[in-house]
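Structure first, then comments.
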Amino acid sequence: MGKRTAKELSSAAERFCTDGKMYECEPYGNGHINDTFLMKCRNENGETVSYIMQAVNTNVFREPEKLMDNIYAVTEFLKKSETDPRKVLTLVKTLSGDKCYFDKNGTCFRVYPFITDSICLERPESADDFYECAYAFGKFQRDLGGFKADTLYEVIPDFHNTPKRYENFLSAVKADKLGRAKEVSEEIEFLKARADFYGVLTESCKKGLLPLRVTHNDTKSNNVLLDAKTRKALCVIDLDTIMPGFSVTDFGDSIRFGASTAAEDEKDLSKVSLDLDLFAAYADGYLAGCGGALEDSEIMLLPEGAMMMTVECGMRFLTDYLDGDTYFKIAYSDHNLVRCRTQLKLVKDMEDHLEDMKNIVKKYCRK
Ligand code: ADP
Ligand code: GN1
Ligand code: MG
């Protein structure tokens with residue numbers, strides 16, 4: 001996505017039912033997909049009212065209207081059981097009552113009230129923070145238990161279908177568009193050596209051990225807001241990828257991102273490993289948040305969910321690197337390769353600690 005001009009942003013802002021006129025709009029956050037802005041408006045009392053305005057990445061999300069319908073349906077559903085406006089996202093409608101606005105270039109803009117006095121952690125700063133993120137995602141799972149999954153549009157088909165992701169990866173290796181495959185042969189071999197693992201969750205689903213649920217599908221700690229004062233969970237955000245999926249992949253993506261001892265793009269691989277204390281905090285918080293909503297067979301697959309999401313994400317970064325970096329935003333030329341390497345290092349460490357993860361999950365299983 002190209003840079004957004006001030007004019008583009010102000011004419012989009014004018015289309016929404018905001019409290020006052022926009023006077024500032026600056027890039028915000030560290031998302032890899034959408035363009036996010038903190039938009040400040042001045043209302044008639046001279047007060048500043050803040051919003052998040054986003055340009056939805058239509059390269060990734062091909063049918064933004066349907067995606068917006070998903071977000072609207074889910075947030076309205078959640079509001080039946082949650083009345084605190086800081087705890088559920090609310091879409092600010094356009095002047096004509098729509099959920100988003102398409103400008104003349106076809107860019108899809110949407111606006112949410114900015115949730116004030118909140119913090120959003122790139123990485124949890126303590127086990128307590130991570131517990132709170134886990135509780136929020138677990139509660140999200142529980143609260144959406146009564147939501148009809150089949151009414152949701154599948155925003156990105158096969159999003160966490162790892163066998164499909166593996167096929168795409170093999171195609172990218174074969175095509176080798178930029179001639180990069182030779183410099184990443186070690187990573188390619190690592191992923192090929194684990195081919196038997198990729199079907200574990202989809203097969204468990206076929207055997208009835210893993211039910212399809214309404215899932216978030218992007219459960220990084222930076223997709224939860226915590227209260228700035230109490231550091232308690234406030235609100236689950238980034239609802240673009242809500243689709244039918246597995247609870248264990250929601251759990252797993254959080255572990256991949258938040259229970260690593262290093263950032264997703266750490267270059268020094270000696271710093272990357274699985275922090276078992278953080279794993280335990282997340283398992284505890286997630287299962288508490290789910291409040292008994294998960295079946296025993298799913299709970300037992302939580303460690304595999306963590307390994308699957310990590311290996312899948314590594315595969316996705318490498319696929320994008322081989323394809324010429326067309327999907328994830330990058331800050332430098334081998335950013336996707338650096339990200340891939342951290343994920344593969346983490347997979348190895350998870351494999352070495354699978355039994356530990358299983359024992360921790362058993363400890364927090366609340367049935
Ligand atoms: P992306 O899909 O690009 O990750 P997000 O929806 O996660 O986009 O938004 C990017 C960042 O903007 C978040 O990590 C968070 O810091 C901030 N953010 C998003 N929505 C809100 C909100 N309603 N209130 C406060 N901060 C928000
Ligand atoms: C993307 O949008 P963001 O940064 O929260 C991606 C996730 C990846 C993640 C890796 C729609 O998430 O699937 O796990 O980057 N989102 C999409 O950091 O592809
Ligand atoms: Mg995000």
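Remember, predicted model here, so these are calculated numbers, not experimental data. Sequence positions, counted from 1, serve as the residue numbers for this chain. Atoms within a ligand are numbered from 1 in the order they appear, just like the ligands themselves.
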Of all heavy-atom pairs linking Thr18 and Val92, the shortest is N-CG1, 4.5 Å

Part of Asn34 with heavy atoms under 4.0 Å of ligand 2, whether side chain, backbone, both or neither: neither

Would you say Thr310 and Gln343 are linked by a side-chain donor-acceptor pair, where the criterion is simply a distance under 3.5 Å? no

Just by distance, no angles: are the side chains of Arg339 and Asn336 close enough, under 3.5 Å, to form a donor-acceptor pair? yes

Options Asp238, Leu225, Ile33, Asp117, ranked by nearest heavy atom to atom 2 (O) of ligand 1, top entry: Asp238

Protein heavy-atom partner closest to atom 9 (O) of ligand 1 - residue, atom, separation in Å: Gln54 NE2, 3.3 Å

Below the 3.5 angstrom mark, is there an N/O of Asn222, backbone or side chain, next to an N/O of ligand 1? yes

Could you tell me whether Ile52 approaches ligand 1 through its side chain, its backbone, both or neither, with non-hydrogen atoms closer than 4.0 Å? side chain

Any nitrogen or oxygen of Asp218 lying under 3.5 Å from a nitrogen or oxygen in ligand 2? Just yes or no. yes

So, does Arg256 sit close enough to ligand 2 that a heavy atom of it is under 4.0 Å from the ligand? yes

Under-4.0 Å heavy-atom contact with ligand 2, by part of Asp238 that carries it: side chain

Below the 3.5 angstrom mark, is there an N/O of Leu89, backbone or side chain, next to an N/O of ligand 1? no

Answer yes or no as to whether an N/O/S atom of Asn222 is found below 2.8 Å from the Mg ion (ligand 3). no

Around atom NZ of Lys79, are there more than 12 heavy atoms of other residues, nucleotides or ligands at under 6.0 Å? yes

Select one of side chain, backbone, both or neither to describe which atoms of Asn30 lie under 4.0 Å from any atom of ligand 2, heavy atoms only. neither

Regarding ligand 1, does Arg110 bring an N or O atom to under 3.5 Å of one of the ligand's N or O atoms? no

Hey, is Ile237 touching ligand 1 through its side chain, its backbone, both or neither, going by heavy atoms under 4.0 Å? side chain

Is there a polar contact between ligand 1 and Tyr28, counting only N or O atoms under 3.5 Å apart? no

Give a yes or no on whether the backbone of Met315 and the side-chain of Thr319 come within a donor-acceptor separation of less than 3.5 Å. yes

For Phe257, which part has a heavy atom under 4.0 Å from ligand 2: side chain, backbone, both, or neither? neither

Which one of Lys220, Lys329, His160, Glu312 has a non-hydrogen atom at the shortest distance from atom 9 (C) of ligand 2? Lys220

When the ring centroid of Tyr51 is compared with that of Tyr112, is the distance short of 6.0 Å? no

Name of the Asp238 N, O or S atom nearest the Mg ion (ligand 3)? OD2

May I ask whether Arg316 places a heavy atom under 4.0 Å from ligand 2? yes

Any N or O of Glu264 that comes nearer than 3.5 Å to an N or O of ligand 2? yes

Does the residue Cys235 have a heavy-atom contact with ligand 1, meaning some pair of atoms that are separated by less than 4.0 Å? no

Kindly confirm or rule out a cation-pi arrangement of Lys104 over Phe109, judged by NZ or CZ under 6.0 Å from the six-membered ring centre and within 45° of its axis? no

Quick one: does ligand 2 sit under 4.0 Å from the side chain of Arg339, the backbone, both or neither, non-hydrogen atoms only? neither

